2 protein chains.
Amino acid sequence: MSAEEILSKRLAAWSAMGFDAERCPVRNVLDRIGDKWPTLILIVLAAGPKRFSALGRAVPDISKRMLTQTLRDLERDGLLTRKVFPTKPPSVEYSLTALGRSALEPMAALVEWAERRHPEIEAARARFDRDAEAA
Amino acid sequence: MSAEEILSKRLAAWSAMGFDAERCPVRNVLDRIGDKWPTLILIVLAAGPKRFSALGRAVPDISKRMLTQTLRDLERDGLLTRKVFPTKPPSVEYSLTALGRSALEPMAALVEWAERRHPEIEAARARFDRDAEAA
DNA sequence: CGGAATCCCACGTGATACTG
DNA sequence: CAGTATCACGTGGGATTCCG
């Protein structure tokens, strides 16, 4: 089944169900793995479990606040687990669940597409901007 | 090559390049097709060309402002084309480009993942919320 | 009909300081 | 170390209005 068919079918199904945005799986998912921070966190964790501050170092431009919140969201969705070691000072280790690892596959497909098509996109942008400037 | 390997490799490459968020293809792409409205527009157009107001009807909860802006962005990125018919009143038709259609493939993978895993995610959320409420 | 322009505010996000 | 709490700000995006 082609990508067009898959998407068109899904679309038809959702429309028939009244388009409840809250329950739409795609919207639900996109709000997570489509977002910048969750995606980056998952990619970093793909290499193996990491502690809180290690994650912070791996994604330099995330604030502690967003890191905490993003980790909570991903934990809530069952994409990663949070394991506390009662050492002193305490340390917390985050690692992907099977569900989280399964998310890496479509994400990898997206990343590959992004890298392969990036030149075309940049070219299209340059063309568009040039044409717009002509006006 | 596994998804983990692909993503870890990419991550290493970006880190080595200094993590320039502006030029990172993935961030660039995620800001488009990871976002809610662009994704939905592309999915709707997967079924065939559509006019402005038809798109608005197909995505009921998008405002005219966001519809216009989203279409502009996608046109700028070369994912769709805008064709004006000088009828009266004017009509405008949007359709996917080859580049736009190629984006459907990774998106379909994402949608399939989302639908297949949605029950697990909902269950994980319910469990998380229940445990949290116990405190 | 398809879009541009304007207003406006909720809320996402960062910065900072504090705690177990 | 791994967070929470608080405040303050900027802006994404909705509502509305006007135009060709």
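What you are looking at is a predicted structure, and each value in this text was computed from that prediction instead of being measured. Numbers restart at 1 for each chain; the letters A, B, ... are given by sequence-line order, proteins then strands.
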**Q** Which nucleotide in the list dG3(D), dG3(C), dC1(C) gets nearest to the side chain of Pro89(B)?
**A** dC1(C)

**Q** Between Arg82(B) and dG3(C), is there a contact of a side-chain N or O with OP1 or OP2 at under 4.0 Å?
**A** yes

**Q** Between Phe85(B) and Leu71(B), is there a shared hydrophobic cluster once you connect ILVMFWY residues whose side-chain heavy atoms come closer than 4.5 Å?
**A** no

**Q** Without decimals, in angstroms, what is the distance between Arg72(B) CZ and dG13(D) P?
**A** 17 Å

**Q** Spell out yes or no: do the side chain of Lys64(A) and the base of dG14(C) have one donor N/O and one acceptor N/O closer than 3.5 Å?
**A** no

**Q** Specify the residue among Ser53(B) and Ile62(A) whose closest nucleotide of DNA chain C lies further upstream toward the 5′ end.
**A** Ser53(B)

**Q** Which one, dG3(C), dT6(C), dG2(C), comes nearest to the side chain of Tyr94(B)?
**A** dG3(C)

**Q** State plainly whether one hydrophobic cluster holds both Phe128(B) and Leu96(A), where clusters connect Ile, Leu, Val, Met, Phe, Trp and Tyr through side-chain heavy atoms under 4.5 angstrom apart.
**A** no

**Q** Starting at atom CE of Met66(B), determine the distance to atom P of dA4(C), rounded to an integer number of angstrom.
**A** 14 Å

**Q** Report yes or no: do Leu7(B) and Ile62(A) belong to one cluster of Ile/Leu/Val/Met/Phe/Trp/Tyr joined by side chain heavy-atom distances under 4.5 Å?
**A** yes

**Q** Nearest to the side chain of Ser91(B), which nucleotide is it out of dA2(D), dG2(C), dA15(C)?
**A** dG2(C)

**Q** Which nucleotide in the list dG14(D), dA2(D), dG2(C) gets nearest to the side chain of Trp37(B)?
**A** dG14(D)

**Q** Would you kindly give the CG-to-P distance between Asp35(B) and dG13(D), to the nearest whole Å?
**A** 6 Å

**Q** Does Phe85(B) reach a base, just sugar-phosphate, or nothing at all? Heavy atoms under 4.0 Å.
**A** nothing

**Q** Between Pro90(B) and Gln69(B), which has a closest nucleotide on DNA chain D that is more 5'?
**A** Gln69(B)

**Q** Is Glu112(B) close to Arg10(A) at the side-chain level, that is, under 4.5 Å between some pair of heavy atoms?
**A** no

**Q** Any side-chain N or O of Arg51(B) below 4.0 angstrom from OP1/OP2 of dC1(C)?
**A** no

